Every structure is written in C-alpha cells, then in structure tokens.
A.B. asks: 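Can you read through this structure? Questions will come right after.
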Amino acid sequence: MIINDVKVYENLAVELNDRICTVKVNRPQVLNAINAKTLKELYEIFEDINNDEDIDVVVLTGEGKAFVAGADIADMKDLNSLTAKDFSRLASKAFKEIEDSKKIVIAAVNGFALGGGCEIAMACDIRIASTKAVFGQPEVSLGVIPGFGGTQRLTRLVGMAKAKELIFTGRIIKADEAEKLGLVNKVVEPEVLIEEVEKLAKAIAKNAQLAVRYSKEAIKLGSQTDINTGIDIETNLFGLCFSTKDQEEGMSAFIEKRDAKFIKG
C-alpha cells in the first residue's frame, strides 16, 4: 500500500478509504490556485496512485469554496517566453498523468473551476459539479491563451464552435450550462456533492477493474483515431479480457445467478 505511506504534501491532502483515494487541492487561502509546487505534487501523487494496487477510483476536489480557481497569477506574472513554456509543460505533464491514469478519476467540482481549474477538471474521466460551481477559460482577459490543455480538451468535450466562443470571450458559465454543453456529467446540490461522487466511485469500484481500465483505454485511444482503427483497438482489448480470471468469474456468476467476486488489485 503506497498511499498510506506517502510523503506529506504541502498543497495537497490525500486520503484512502475503501479503495477510493481522495486528492484535495489544499490552498484555500488563494482559492486553490495552482502554482509550480502544486503541479509537481499532483504529478507525484498520481504517479504513486498509478502504482498502488489498493486504489480503484480517485476523487479529485478542492478545499473550501473553490475547486481550483485557476493558475496562480503571482507565480506566472514575471515569466518570459521560455519559462512560460516550461510552466506549460509542467502543467501538461501533471494533467496528462491524471488523464492517462490506470484508475478512474472523478472531479468533484465544488466551486470555481476557471482557467487551470477548468483544465484540470477536463483531464479527469468524469466531472460532477455543485450548483455553485462555475467554469471558464478566461485567459484572453489576461493577455494569454489557455496553456494547460484547455484549447485541446475543451474542443473535444464541447465541440469546436462552442470552445471557440468560450475561449475567445473568456465567458464564465454556471454548472447548469456546463452540463448542457457536456462539460460536466451531472449537477447536484453542494451538500450532497461528495456523497454523490462517492456513490458513483463505489459503483465503478465494484466492477472488474481490469475491464474498466481496458474500457478507458479503448475510449481514449479510439477517440484519437478513425473509427476503423478504434474498432480494432476495442477488438484487441475485448479479446484480452478473455485471458483474465475476472472474465471467468463475471460470466460464471451471471450464469449461477450470484454476485461476482472480482480480484482486487
């Protein structure tokens, strides 16, 4: 078990309970704005999570009234072209570690998710938002563009036309509009946000985890190619499932009309 033996993080709070790991950005004094230190810690924790067989699902959220209000402007203000590229690469590396995680990552968006906050949420597999959550990519109002994957992931989630509108105007949208656009999966009242996310996490965790991971891989890889190649990817992963004990157990349990007992870890 890696996570329970982890280092102490300066800007993150980490908790493992019943195979669900909660990672909380913990800089409430600046509305959880992410600086270089936070990005490095996010990369490190998700690297550890990927290697921890006691974790099936990750919940990513923020402390206090914000999810992540954005990148820390004080950390960015005096960057030059070269150091700005390095900062963007650091964020991209951290968010790619989240996006490519073997585990399913659910964002519990409890408040502001602007700029880098919206971008980190989009790197997660599923987004559940509080009615108090707001989303946006307001970078053009600061004289820059989204630099942590926003131009790419927002376009893939909501379509090119809407992504252009939101990025070009920097408009902030409420959770209900984000849901209509497909940016979030579900909107719930603030007091039940974590309860709803944990319910979803448990529903995912009870299934055959290798099959869940193969499903994630098929969706991710298939979305980046043509449909015929995507179907080939799916076919190969489907075949691999039949070399697992989980497939044998799952289908036997179905025929025997009992609950499946899948291998954990």
Side-chain angles (χ1 to χ4, degrees), residues 2-3 6-7 9-16 19-27 32-63 66-72 87-110 112-129 133 135 137 146-157 178 183-185 197-198 200-201 204-205 209 212-221 223-224:
I2 296 171
I3 294 304
V6 286
K7 34 202 143 165
Y9 289 98
E10 183 180 322
N11 296 329
L12 303 176
V14 184
E15 180 182 345
L16 177 59
R19 304 191 66 82
I20 298 168
C21 181
T22 300
V23 177
K24 186 180 290 185
V25 182
N26 189 26
R27 302 185 75 213
N32 300 325
I34 43 179
N35 57 9
K37 176 69 172 177
T38 310
L39 291 170
K40 289 174 184 174
E41 289 188 350
L42 281 167
Y43 178 82
E44 289 171 8
I45 187 61
F46 273 91
E47 192 175 40
D48 285 345
I49 285 168
N50 277 333
N51 294 314
D52 196 322
E53 293 302 327
D54 292 301
I55 296 171
D56 292 330
V57 183
V58 184
V59 175
L60 180 61
T61 191
E63 179 62 46
F67 175 68
V68 170
D72 194 329
F87 192 53
S88 177
R89 288 192 185 102
L90 176 63
S92 296
K93 180 181 177 183
F95 293 3
K96 195 80 165 57
E97 191 72 13
I98 295 170
E99 185 175 57
D100 290 346
S101 176
K102 298 175 187 175
K103 321 297 180 175
I104 303 305
V105 186
I106 305 171
V109 186
N110 51 314
F112 298 110
L114 305 175
C118 188
E119 288 167 310
I120 193 172
M122 291 190 291
C124 299
D125 296 299
I126 299 170
R127 287 156 292 282
I128 308 297
F135 298 81
Q137 300 288 166
F148 299 173
T151 61
Q152 303 306 305
R153 291 191 179 98
L154 187 61
T155 301
R156 286 163 170 77
L157 281 169
L183 182 55
V184 302
N185 297 73
V197 170
E198 288 178 349
L200 175 60
I204 293 169
Q209 288 308 295
V212 171
R213 294 175 195 180
Y214 283 172
S215 298
K216 175 172 176 172
E217 187 173 354
I219 292 167
K220 180 183 69 176
L221 295 178
S223 68
Q224 297 168 4

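Note that the coordinates shown come from a computational prediction; the quantities given were computed from them, not determined experimentally. If you read the sequence from its start, that first residue is 1, and numbering goes on from there.
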A.B. asks: Mark yes or no for whether N110, through its side chain, and A66, through its backbone, hold a donor-acceptor pair below 3.5 Å.
C.D. replies: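 Between the backbone of A66 and the side chain of N110 there is a qualifying donor-acceptor contact (under 3.5 Å).
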A.B. asks: Give, for atom CE of M122 and atom CG of L157, the distance between the pair rounded to the nearest 0.5 Å.
C.D. replies: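 It is 6.5 Å, given to the nearest 0.5 Å.
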A.B. asks: Applying side-chain contact (heavy atoms from CB on, under 4.5 Å), run through F87 and L39 and close with a yes or a no.
C.D. replies: CA-CA 9 Å; F87 192 53; L39 291 170; 3.8 Å; yes
A.B. asks: Let me see the working for I128 and V184 under side-chain contact (heavy atoms from CB on, under 4.5 Å), right down to the final yes or no.
C.D. replies: CA-CA 6 Å; I128 308 297; V184 302; over 6 Å; no
A.B. asks: For residues A107 and C124, report the shortest heavy-atom separation together with the two atoms involved.
C.D. replies: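 Of all heavy-atom pairs spanning A107 and C124, the closest is CB-SG, 3.8 Å.
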A.B. asks: Where do A201 and I20 come nearest, in terms of heavy atoms and distance?
C.D. replies: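 It is CB-CD1, 3.6 Å.
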A.B. asks: Mind checking whether V212 and D56 have side chains closer than 4.5 Å, heavy atoms only?
C.D. replies: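 Counting from C-beta outward, V212 and D56 never come under 4.5 Å.
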A.B. asks: Inspect the surroundings of CZ in F46 and state if more than 12 heavy atoms from other residues, nucleotides or ligands are less than 6.0 Å away.
C.D. replies: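 Result for CZ/F46: enclosed.
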A.B. asks: Going by heavy atoms in the side chains, are I219 and D125 under 4.5 Å from each other?
C.D. replies: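 Side chain of I219 against side chain of D125, heavy atoms only: no contact under 4.5 Å found.
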A.B. asks: Checking E41 side chain against N11 main chain: does a donor-acceptor pair fall under 3.5 Å?
C.D. replies: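 Yes; at least one donor-acceptor contact below 3.5 Å.
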A.B. asks: After noting the C-alpha distance and the side-chain angles of F67 and I120, does the key distance pass the side-chain contact (heavy atoms from CB on, under 4.5 Å) rule?
C.D. replies: CA-CA 10 Å; F67 175 68; I120 193 172; 3.5 Å; yes
A.B. asks: So V23 and I49, side-chain contact (heavy atoms from CB on, under 4.5 Å) or not? Walk me through it.
C.D. replies: CA-CA 10 Å; V23 177; I49 285 168; 3.8 Å; yes
A.B. asks: Is a side-chain donor or acceptor of R19 paired with a backbone partner of E53 at a separation under 3.5 angstrom?
C.D. replies: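 Yes, the answer is positive, given that a donor and an acceptor are paired below the 3.5 Å cut-off.
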A.B. asks: Determine whether L12 and V25 make a side-chain contact, defined as any pair of heavy atoms from C-beta on separated by less than 4.5 Å.
C.D. replies: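 They are in contact (side-chain heavy atoms under 4.5 Å apart), so the answer is yes.
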A.B. asks: Just to verify, which of E97, K102, K103 counts as forming a side-chain hydrogen bond (donor to acceptor under 3.5 Å, both in side chains) with N50?
C.D. replies: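 Of E97, K102, K103, side-chain hydrogen bond (donor to acceptor under 3.5 Å, both in side chains) with N50 is met by E97 alone.
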A.B. asks: Identify, with sequence neighbours excluded, every residue that meets side-chain hydrogen bond (donor to acceptor under 3.5 Å, both in side chains) alongside D100.
C.D. replies: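 With sequence neighbours excluded, D100 shows a side-chain hydrogen bond (donor to acceptor under 3.5 Å, both in side chains) to K96, K220, given in chain and number order.
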A.B. asks: For residues G115 and Q137, report the shortest heavy-atom separation together with the two atoms involved.
C.D. replies: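 Taking G115 first and Q137 second, the nearest heavy atoms are O-NE2, 3.5 Å.
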A.B. asks: CD1/I126 to CG/L200 distance, rounded to the nearest 0.5 angstrom?
C.D. replies: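 Spacing of CD1 (I126) from CG (L200) equals 5.0 Å.
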A.B. asks: Taking all non-hydrogen atoms of both residues into account, name the closest pair between S88 and G147 and its distance.
C.D. replies: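 Distance-wise, the nearest heavy atoms are OG-O, 2.6 Å.
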A.B. asks: Looking at F148 and R153, what are the two nearest heavy atoms and their distance?
C.D. replies: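 Closest heavy-atom pair between F148 and R153: O-NH1, 3.6 Å.
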A.B. asks: So how far is it from L60 CG to I106 CD1, rounded to the nearest 0.5 Å?
C.D. replies: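 If I round to the nearest 0.5 Å, the distance is 10.5 Å.
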A.B. asks: Search all heavy atoms of L183 against all heavy atoms of R127 and return the closest pair with its distance.
C.D. replies: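 Closest approach of L183 to R127: O-NE, 2.6 Å.
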A.B. asks: If you count the non-hydrogen atoms of other residues, nucleotides and ligands that lie under 6.0 Å from NZ in K40, is the total more than 12?
C.D. replies: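 Open.
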A.B. asks: Determine yes or no for a side-chain-to-main-chain donor-acceptor pair under 3.5 angstrom, with E119 supplying the side chain and G150 the backbone.
C.D. replies: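 Checked: pair present.
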